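Structure record follows, encoded as structure tokens.
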Amino acid sequence: MPLRGSCAAACLLLLAAPGFAGVTITSPSVANPGSPVHFVASGASSCAKGIAAMGIYTAPSVLAYKISGSKIDTLVPMNPGSYDVVVQQWDHCGASASAHMILDVGAPVGKQTFADLQSQSGWSGFALLPPAFGICTTCKSSGPELNWSWIPNVSSPSMSGKSTKSVYGGGTVQWGDVLWNNHLIGSSSSQGLYDWSRTLVQQYTDFTYDVYFWIKDASVSQAVEFDINQFFGGKSFIWGHECRIAGGHQWDTWNNQTKHWVPSGIPCNPLSGAWNHLIIHVQRTPNNQLLFNTITLNGKTATLNRYDTPTATSWHGITINYQIDGNINGTPYNVFVDKLNFTIQ
């Protein structure tokens, strides 16, 4: 599922309180500073006794710094993430004023890994029904069209002690699919990386989806799917990968332009009743093409080396998908997911 953006065009938003009093922030002057963040600000008031103190709130009711007087010049350590920072002043007459700014702190340049995502919050599940296989907006996880569930922190079977059980429960439709999506960077980020300034997402060009999955009887699964999605600058990049099991024991990749699956000729034969280790590596090229690079399943690496062209979108962010597909009989089955790591650089 793509991620919708929700930031105005301005990279930095400064709102000073109206009237006779005000706070002026002169640093940071960019929307994505590194940590510690250098804050420089000053206050003004019509109070004859002047400014009593100034402070920096990094979140509601979180006063990270306070100093007596009308000036701030300090370094504040801040974890990577998006913040609506408020700089506030209090004068000796009992009045106060403030200004706020939106920051994406520590916008990483280089490798970053989101580890053990299967055990974290942020996953949303959806039913995809034939014939169009679009998201069913009226479907509920309890059916009747299709039943599904996402059960985290399962101890067995598990490699880490916190696997997640994804359940395809069947229903009244044939060939139904269940999609789970996690928004990692963007306005709905599960990681606190909201990228309000829209400067972070496009920094990344190299993506690795590393996951273990376990199916008691793999033959009942029509397919399992693992997608990497990037959206910025009006372009949509979807690196979709589908392991067809009952559907033919072959890897397919997603054609962004024609919106259909392209057979790769690469076999996909996951083990039943055992852990399967999957590593998918993709890239975005300097001229903004999608490169489907390699697929490694249980230690065997196959090179795809397939290029594709992005499509148009208004969305902004980086997301990943995980999907399990039903067969012609809608046979219920479970897939356990563990050690899901997603690396970007």
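The shown structure was predicted, so the numbers you read here are calculated from the model rather than taken from an experiment.
Atom OG1 of Thr331 sits about 9.5 Å away from atom CG of Asp217, to the nearest 0.5 Å. Distance check: Cys243 SG to Asn269 CG gives 7.5 Å after rounding to the nearest 0.5 Å. With rounding to the nearest 0.5 Å, the separation of CD in Gln222 from CD in Gln323 is 11.5 Å. Within the model, atoms CD1 of Ile344 and CD of Gln112 stand 5.0 Å from one another, a figure rounded to the nearest 0.5 Å.
Taking the six-membered ring where tryptophan is involved, the planes of Trp261 and Trp254 are perpendicular, since the angle between them exceeds 60° and thus also 30°. Between Trp251 and His241, the ring planes lie perpendicular to each other; the angle is over 60°, past the 30° to 60° tilted range.
For His281 and Tyr209, the distance between ring centers is not under 6.0 angstrom. When ring centroids are compared, Phe292 and Tyr307 stay outside the 6.0 Å threshold. Centroid-to-centroid, the aromatic rings of Phe213 and Phe226 come within less than 6.0 Å.
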Cut-off 3.5 Å, no hydrogens considered: what does the side-chain donor-acceptor table look like for residues 67-74, sequence neighbours left out?
residue: Asp73; atom: OD1; partner: His38; partner atom: NE2; Å: 2.7

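The heavy-atom pair separating Val85 from Met78 by the smallest distance is CG2-CE, 4.1 Å.
Relative to the six-membered ring of Trp275, Lys339 misses at least one condition, a distance below 6.0 Å or an angle of at most 45° to the axis.
Remark: of the listed residues Val337, Val211, Leu340, Asn341, Leu340 is the sole one forming a side chain to side chain contact (heavy atoms under 4.5 Å, CB included) with Leu117.
Counted by atom type alone, His277 and Asn298 present zero donor-acceptor pairs between their side chains at under 3.5 Å.
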